[in-house]
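Presented below is the structure to which this report refers.
These values consider heavy atoms only, across backbone and side chains, with no hydrogens, waters or symmetry-generated copies.
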Amino acid sequence: MHLQNEKNTVVNLVLHCKYCHPLSGCILAEYKGKKKSEIKGCLSQLSDSAFARILSFHESCPYRNRLAI
């Protein structure tokens, strides 16, 4: 259940992050503009280590000092 909560956290980050956009370079930008169910499906296909990498990357997003849209 813990992993499911983390996936929901990432989905919400993607949906609401103003820094995740295609030109930012963020690894989550490819999910921007997709529906919640599509994002969950994409995240479910990732291995646990890949998902953990994405979660840690977004928690310390290096793009936060760039242009927000």
Side-chain angles (χ1 to χ4, degrees):
M1 191 66 172
H2 182 63
L3 185 61
Q4 187 63 34
N5 289 339
E6 288 179 340
K7 286 184 182 176
N8 287 334
T9 299
V10 171
V11 169
N12 288 328
L13 286 171
V14 171
L15 291 174
H16 302 291
C17 182
K18 59 188 173 194
Y19 303 100
C20 277
H21 55 87
L23 299 178
S24 71
C26 179
I27 59 176
L28 294 176
E30 67 184 70
Y31 301 126
K32 197 69 171 183
K34 292 186 178 185
K35 294 179 183 176
K36 199 173 205 175
S37 59
E38 289 178 304
I39 298 170
K40 282 184 181 181
C42 292
L43 293 175
S44 295
Q45 295 175 2
L46 298 175
S47 68
D48 290 345
S49 60
F51 178 76
R53 183 173 163 254
I54 284 177
L55 183 61
S56 67
F57 176 88
H58 207 279
E59 287 176 341
S60 59
C61 179
Y63 298 103
R64 291 185 187 221
N65 295 326
R66 295 193 180 178
L67 178 67
I69 59 169

Quick check: closest heavy atoms across Leu15 and Lys32, and the distance to 0.1 Å?
O-NZ, 3.6 Å
Does any part of the side chain of Tyr31, heavy atoms only, come nearer than 4.5 Å to the side chain of Val10, both counted from C-beta?
no
Is there a side-chain contact between Glu30 and Cys42, using heavy atoms and a 4.5 Å cut-off?
no
Just how far is it from atom CG of Asp48 to atom CD of Glu6, taken to the nearest 0.5 Å?
9.5 Å
